[in-house]
Colleague: 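Please see the structure below; I have some questions.
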There are 2 protein chains.
Amino acid sequence: MFQLDYSDARPLYEQIKERIKTLIIRGVLVSNQQLPSVREMASNLTLNPNTIQKAYRDLEAEGYIYSVRGKGNFAAVLSPALKGEEQMQLKKQLMETLTAMQNLGVPLEKALQWVKAAYETEGSDPE
Amino acid sequence: MFQLDYSDARPLYEQIKERIKTLIIRGVLVSNQQLPSVREMASNLTLNPNTIQKAYRDLEAEGYIYSVRGKGNFAAVLSPALKGEEQMQLKKQLMETLTAMQNLGVPLEKALQWVKAAYETEGSDPE
DNA sequence: TTAACTGTACTATTCAAGATATTACAGTTT
DNA sequence: AAACTGTAATATCTTGAATAGTACAGTTAA
């Protein structure tokens, strides 16, 4: 499904959360689609089931997935509120990046050019 | 000089590094300007001098400051190479943010609009 | 009904990174 | 000499992350 980056300083469960979030937002994981079970995912990534459980628990609390006892975990139908939150967060991140670019002397024209380039690349760059 | 965010999960020395980097890039700290001494900064932030030393050591290794034994630490003259690196990193970050926005359904027009807004705000948002 | 899956909840333990505390020494300035 | 600077080293404490193991509850299909 994905790989972990052990050179990344962030905790493993954070990486897992991020990856799954991305897969859901990009529609790779469709609403109500079942995720690998806690034990299976743990086996695939060669780590402890508790770590996966932690990631799943968080993701459910945040509204990205839902879990059914005995059945499994499933991609949630993202609420408009959640999508709005995501958008605001991205906008904030965008503004910060742009401010930094401006301070570094990157001209507006170049910034606009990069934006268009990113959108033209159409596909969902998988990282 | 600045404050620390204890709700931030990242280590303190990382936050310190980031803040100082930003101050230098934005020109708040001019080239060759002296930074607070290790002990003074530690006293101001109410933490251990070792933590500041760690931040300063890293910053020197990365080319943002230089230190003179017995005198102090000073903002470096940023090399074009370092500025280039910074730019590339920001560009990468920008592209990732935009890809995410695109996947969330934010139209190109809106993205461009935000970019212009960020540049119009002129000043260096200190956050 | 049983077996083999699912999720979930504990507790105990190990491990590493971050941060502190303390001491010491070298160079600069007045 | 005193009071600053940087720098280095060691020992200790604390915390979060991750592991290991066990147990129990719900689901599904043979």
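Order of the sequence lines sets the chain letters (A, B, ...), proteins ahead of strands, with each chain counted from 1.
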Colleague: Please determine whether a side-chain nitrogen or oxygen atom of B/Tyr56 lies at a distance below 4.0 Å from atom OP1 or OP2 of D/dG6.
Modeller: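 False: B/Tyr56 side-chain N/O out of range (4.0 Å or more) of D/dG6 OP1/OP2.
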
Colleague: When the distance from CZ of A/Arg10 to C1' of D/dA18 is rounded to whole Å, what number comes out?
Modeller: 17 Å

Colleague: Same cluster or not: are B/Ile65 and B/Tyr13 linked, directly or through other Ile, Leu, Val, Met, Phe, Trp or Tyr residues, by side-chain heavy atoms under 4.5 angstrom apart?
Modeller: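 Result: no, two separate clusters.
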
Colleague: Please give, in whole Å, the distance from D/dA18 P to A/Ile52 CD1?
Modeller: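 A/Ile52 atom CD1 is separated from D/dA18 atom P by 10 Å.
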
Colleague: Rounded to the nearest Å, what distance is computed from the NZ atom of residue A/Lys54 to the P atom of nucleotide D/dA20?
Modeller: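 Atom NZ in A/Lys54 sits about 19 Å away from atom P in D/dA20.
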
Colleague: What is the distance, rounded to the nearest whole Å, between atom CD of A/Gln15 and atom P of D/dG16?
Modeller: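 Taking atom P of D/dG16 as the reference, CD of A/Gln15 is at 19 Å.
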
Colleague: Would you mind reading off the distance between A/Lys71 atom NZ and D/dA29 atom C1', rounded to a whole angstrom?
Modeller: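 Taking NZ of A/Lys71 and C1' of D/dA29, I get 14 Å after rounding.
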
Colleague: In the single-linkage hydrophobic clustering (I, L, V, M, F, W, Y; side-chain heavy atoms under 4.5 Å), do A/Leu23 and A/Leu4 co-cluster?
Modeller: yes

Colleague: Working to the nearest 0.5 Å, report the span between CG of B/Leu104 and CD of A/Glu86.
Modeller: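 So the gap between those two atoms works out to 5.5 Å.
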
Colleague: Closest-nucleotide mapping onto DNA chain C: is A/Asn73 or A/Asn50 further toward the 5' terminus? I mean the 5' end.
Modeller: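 With A/Asn73 and A/Asn50 compared, the 5'-side residue is A/Asn73.
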
Colleague: When hydrophobic residues are tied together by side-chain contacts of less than 4.5 Å, even through go-betweens, does A/Val30 share a cluster with A/Tyr66?
Modeller: no

Colleague: Tell me the interatomic distance from A/Ile16, atom CD1, to D/dA17, atom C1', rounded to whole angstroms.
Modeller: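 Those two atoms, CD1 and C1', are 12 Å apart.
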
Colleague: Does A/Gln102 reach the main-chain N or O of B/Tyr119 with its side chain, forming a donor-acceptor pair under 3.5 Å?
Modeller: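 Looks like yes, one N/O pair under 3.5 Å.
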
Colleague: Pull out every residue in residues 28-48 of chain B that has a heavy atom closer than 4.0 Å to any atom of DNA chain C, ordered by number, or say none.
Modeller: B/Arg39, B/Leu47, B/Asn48

Colleague: Not counting sequence neighbours, which residues clear salt bridge (Lys or Arg N to Asp or Glu O under 4.0 Å) with B/Asp5? List them please.
Modeller: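 B/Asp5 satisfies salt bridge (Lys or Arg N to Asp or Glu O under 4.0 Å) with no other residue.
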
Colleague: Can you give the first and last nucleotides of DNA chain C, 5' to 3', that have an atom under 4.0 Å from a heavy atom of chain B?
Modeller: C/dG18 to C/dT29

Colleague: Under 4.0 Å from OP1 or OP2 of D/dT7: is there any side-chain N or O of B/Ser67 that close?
Modeller: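 For D/dT7, OP1/OP2 do have a side-chain N/O of B/Ser67 under 4.0 Å.
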
Colleague: When you group the ILVMFWY residues by side-chain heavy-atom contacts below 4.5 Å and let the links chain together, are A/Leu59 and A/Phe74 in the same group?
Modeller: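 No; tracing contacts between hydrophobic side chains, which count when under 4.5 Å, never links both residues.
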
Colleague: Can you find a pair of side-chain heavy atoms, one from B/Trp114 and one from A/Val115, that are under 4.5 Å apart?
Modeller: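 Not touching, per the 4.5 Å side-chain cut-off.
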
Colleague: May I ask whether B/Tyr64 and B/Met1 are part of the same hydrophobic cluster, defined by side-chain heavy atoms of I, L, V, M, F, W, Y residues being less than 4.5 angstrom apart, directly or through others?
Modeller: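 B/Tyr64 clusters together with B/Met1.
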
Colleague: What's the CD-C1' distance between A/Gln53 and D/dA18, to the nearest Å?
Modeller: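 To the nearest whole Å, that distance equals 13 Å.
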
